[in-house]
Amino acid sequence: MLTALSALALLFLLGPILLVVAIAFSSGDTVEFPPPGLSGKWFTKALAHQPFQDALITSALVAAGATALALLVGVPAALAIQRRRFRGRRAIEALFLSPAIVPELVLGFALFQQLMVTLRITALGALLIGHTVLLLPYAVRVTGASLAMADPALEEAGRGLGAGPLRTFLHITLPVMTPGIVSAAVLSFLTSFNNVPLSLLLNGPGVSTLPVEMLHYVEFSFDPVVAAVSTLLLVATVLVALVTERLVGFNKVFSK
Amino acid sequence: MTTPVVQLRAITREFSGSVAVDAIDLTVERGQFTALLGPSGCGKTTTLRMIAGFLPPSSGTILLDGEEATRLPPERRNIGMVFQSYALFPHLTVEKNVAFGLRMRGVPAAEIRTRVGEVLELVGLAHLARRKPKELSGGQQQRVALARAVAIRPSVLLLDEPLSNLDARLRVQMRQELLRVQRETGLTAILVTHDQEEALELADSMVILDRGRIVQQGPPREVFRAPATRFVAEFLGYENFLDLPGRGPITIRPEHVGVLAPGQKPPPGGEVVEGTVAAVRFRGTDVAVTATVGDRVLHAISTDDTLRAGEPVRLHLPLARAVPLAGDDGDARPATSKQQECPA
Ligand SMILES: Nc1ncnc2c1ncn2[C@@H]1O[C@H](COP(=O)(O)OP(=O)(O)OP(=O)(O)O)[C@@H](O)[C@H]1O
Ligand SMILES: [Mg+2]
């Protein structure tokens with residue numbers, strides 16, 4: 001009974017994905033299932049599609065940049081929140097986590113107003129800032145969790161054994177945090193890369209992210225190109241997940 | 001006499017207005033095993049952390065090896081600390097954990113290898129050198145923590161309830177282990193504990209703290225046989241507190257109070273009182289008897305398992321074993337509470 005249920009659940013989860021993959025390899029000219037025959041032509045077409053190429057670069061730039069920025073701000077913030085006792089610590093923590101509660105469209109609209117309309121920042125800049133804000137809660141949460149799980153006496157042990165504050169940070173705090181930082185980086189990168197609501201609002205002439213470009217594409221065409229792009233993204237995501245698994249372990253990434 | 005390893009002079013620590021450690025004076029001689037003993041919240045950990053340099057004192061002076069060290073950062077104090085949680089570095093193997101302090105001191109690699117080997121041998125863990133801490137049992141982790149602290153040949157070894165995370169049997173076993181390591185290395189040690197047995201068994205000198213103050217110190221036998229105040233007596237398991245006319249306040253251990261069988265002639269000396277059994281607690285080899293005598297409550301240990309609550313009983317108090325008390329503190333404390341939380 002349970003096996004049957006989990007098989008059903010698996011079918012619901014994997015079914016649509018398998019469908020998309022099957023359609024990507026179709027030789028037909030429209031999205032149809034089962035595909036009339038097999039071919040790789042939609043992959044060729046997808047890879048050659050200029051807007052997708054541009055959007056992929058934008059997406060990768062934004063995801064990498066925003067991830068780096070979010071970690072640059074988030075890791076020290078997590079350190080301060082977890083390791084220091086100061087007035088307003090809770091408030092600071094809440095502030096860093098707040099973007100996770102605000103609906104993304106609201107956040108996107110607010111940022112659009114501020115960054116692009118008022119401050120006249122370019123679309124790429126706005127995307128970078130917007131995504132950084134979006135990713136901050138992940139960076140603070142995931143790295144914070146890895147610190148919270150670690151014994152606060154570790155740093156004292158390091159000091160007691162003769163390491164000054166800097167060496168204690170380098171030899172103890174940082175290695176203890178590393179799995180958390182890697183997890184946060186992967187999660188942040190994927191979150192940014194897959195984001196639609198924010199990217200939808202923060203784009204400009206010739207600058208949009210891959211998911212947004214895919215969305216535009218299906219508005220006008222009904223061929224399997226988007227299925228091919230989706231399949232490529234799927235493969236890339238699985239690869240990233242596997243590598244991360246090897247590096248730090250899956251459960252650490254997804255059980256924040 | 002050589003300079004004492006640790007000297008605390010009027011060390012005080014306040015936390016937002018409340019005093020956790022109150023003008024403590026303490027001297028620890030070289031090679032000595034000192035135990036800081038006291039109920040929860042009485043400033044034991046705070047004292048130890050100030051000696052280690054993790055916490056600055058609000059006032060007072062700390063001398064280490066005779067030199068002023070009050071403001072010295074921990075990394076410059078040459079102190080070996082064993083934490084209650086062990087605080088082993090999770091990303092390093094056992095041998096790297098033990099080597100850490102030596103690496104930070106710039107000891108040459110070859111010498112590090114020998115010394116780590118020796119110390120692991122000392123705690124019987126040489127075969128687990130390549131394991132990570134999480135692959136060890138609690139007792140093994142405890143030994144690694146000890147080895148890591150000992151490896152740097154510290155001036156003083158600080159132990160904050162090092163055995164409290166072990167189960168009862170292992171705890172007793174590790175006490176001897178700890179003592180052996182301390183004797184073999186000749187290290188000076190300060191142990192924090194709220195387990196009187198641990199302190200009695202390990203320490204050369206026992207320091208009893210109450211609400212941030214030292215209330216009594218001395219060799220365990222002396223302190224145990226002659227607690228100065230009611231607080232110390234209660235903490236060490238004295239349960240009967242009497243105010244005898246002409247003798248002042250005295251205390252007597254329940255083990256020394258005799259439960260007389262019906263018709264039994266009391267041993268010479270002391271007093272016989274009659275009362276009623278209020279409660280009997282079975283403890284295996286014997287029973288703990290609580291009896292009411294007039295408006296007083298007395299405690300005795302007996303091997304007579306036929307005693308039942310509500311029955312009349314005769315108790316023999318051997319006054320030769322009674323300990324006179326200073327009676328300056330604790331009169332407000334209820335006689336039944338052995339381990340009270342200190343008021344914050
Ligand atoms: N960082 C701190 N901030 C505020 N108060 C503290 C701090 N550390 C300790 N205290 C207070 O100081 C007092 C002494 O604490 P300490 O930890 O030294 O007790 P202890 O004797 O080690 O107790 P235990 O046996 O429970 O470990 C307590 O009342 C405690 O609440
Ligand atoms: Mg403590």
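A, B, ... follow the sequence lines: proteins, then strands. Residue 1 opens every chain.
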*Heavy atoms of other groups near Glu67(B) CD, more than 12 under 6.0 Å*: no
*Can you see which heavy atom on Ile152(B) is nearest to which on Gly160(A), and at what distance?*
CD1-O, 4.3 Å
_Portion of Leu102(B) that has a non-hydrogen atom of chain A nearer than 4.5 angstrom_ = neither
*Under 4.5 Å from a heavy atom of chain B, the part of Arg159(A) involved*: both
*Polar side-chain atom of His171(A) near backbone of Phe100(B) as donor-acceptor pair, under 3.5 Å*: no
*At a heavy-atom separation under 4.5 Å, does Pro152(A) approach chain B through its side chain, its backbone, both, or neither?*
neither
*asked:* Nearest 0.5 Å, please: how far is NE2 in His91(B) from CD1 in Ile172(A)?
replied: 6.5 Å
*For Arg76(B) and Gly164(A), indicate whether the former's side chain and the latter's backbone hold a donor-acceptor pair under 3.5 Å.*
no
*Considering non-hydrogen atoms only, spot the tightest contact between Ala87(B) and Leu154(A) and give its length.*
O-CD2, 3.4 Å
_Part of Phe89(B) lying under 4.5 Å from any heavy atom of chain A_ = both
*Looking only at heavy atoms, which two atoms of Glu75(B) and Gly162(A) are closest? And how far apart?*
CB-C, 3.6 Å
*Verdict with supporting geometry, Met81(B) and Glu156(A), side chain to side chain contact (heavy atoms under 4.5 Å, CB included)*: CA-CA 9 Å; Met81(B) 176 112 175; Glu156(A) 287 186 349; 5.9 Å; no
*For the atom pair CG (Asn97(B)) and CG (Leu161(A)), what is the distance rounded to the nearest 0.5 Å?*
9.0 Å
*Side chain from CB out, backbone as N, CA, C, O: work out which of these in Arg148(B) comes under 4.5 Å of a heavy atom of chain A, or both, or neither.*
both
